[in-house]
Amino acid sequence: MFDAWWVLIPITAILAGALKDWVKIRAQQRVLGASTKDLEQDVATLQKENNALNERLKNLEAIVVSQTWDVLHDKSLPPADRERQVATVAHREFAPEPGPTDAQRAAQLARRLGG
């Protein structure tokens, strides 16, 4: 019975080393898991900021490209002509597009659903 003890000593040492490595790997996984969650949150925050900045950029591009901007910064026009052109261009740019109103679209939808 005591002849098998010499075999248990190396097996115990091997298992202890494997357990030590497993504990170390689990600790690293916990740290990496936490850092991954932090990175995912940072990416989500940056995506929101990027979308907001893209919207602002689109708005600024619309302002700069507009004809009103060109007329306002045309130094060759006298002030009275500039004001008249600004009013004309602004009226054209900011006039509502023709199309059905919300009430008209709701009435059309009600008619379709009603049969």
Side-chain angles (χ1 to χ4, degrees):
M1 173 140 177
F2 291 108
D3 294 336
W5 283 100
W6 66 272
V7 174
L8 292 176
I9 294 173
I11 291 175
T12 305
I14 292 170
L15 290 177
L19 179 66
K20 179 181 170 186
D21 290 342
W22 182 78
V23 168
K24 188 187 303 183
I25 289 171
R26 292 294 292 165
Q28 287 177 346
Q29 285 177 342
R30 275 189 232 116
V31 169
L32 290 176
S35 67
T36 302
K37 289 178 185 175
D38 291 341
L39 288 174
E40 288 173 357
Q41 290 174 351
D42 289 343
V43 167
T45 303
L46 290 173
Q47 285 175 338
K48 288 178 185 176
E49 288 178 13
N50 190 17
N51 290 338
L53 289 173
N54 281 336
E55 286 298 317
R56 289 184 65 193
L57 180 63
K58 287 178 186 176
N59 291 336
L60 289 173
E61 286 174 344
I63 291 169
V64 171
V65 174
S66 75
Q67 293 175 356
T68 308
W69 180 270
D70 295 337
V71 172
L72 284 172
H73 291 86
D74 187 4
K75 301 299 180 192
S76 66
L77 292 173
D81 289 341
R82 185 178 305 137
E83 287 180 28
R84 194 174 326 110
Q85 282 191 356
V86 166
T88 304
V89 170
H91 178 71
R92 254 185 302 170
E93 285 185 353
F94 299 115
E97 294 181 9
T101 63
D102 289 338
Q104 291 170 339
R105 282 186 271 173
Q108 288 173 353
L109 182 61
R111 271 186 258 129
R112 272 192 264 156
L113 292 176

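All values below were derived from every heavy atom in this structure, side-chain atoms included, with hydrogens, water molecules and symmetry-related copies excluded.
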* For the student: nearest non-hydrogen atoms of L8 and T12, plus distance -> O-OG1, 2.6 Å
* To do: Calculate, to the nearest 0.5 Å, the distance between atoms CD and CG belonging to E55 and L57 respectively.
  => 9.5 Å
* Matching residue for E40 among T36, V43, D42 - test: side-chain contact (heavy atoms from CB on, under 4.5 Å) -> T36
* With rounding to the nearest 0.5 Å, note down the distance linking CG in N51 to CD in E49. => 10.5 Å
Let me have the donor-acceptor pairs involving side chains of residues 13-29, under 3.5 Å, with sequence neighbours excluded, atom names and distances please.
unit_1: R26; atom_1: NH1; unit_2: Q29; atom_2: OE1; d: 3.2

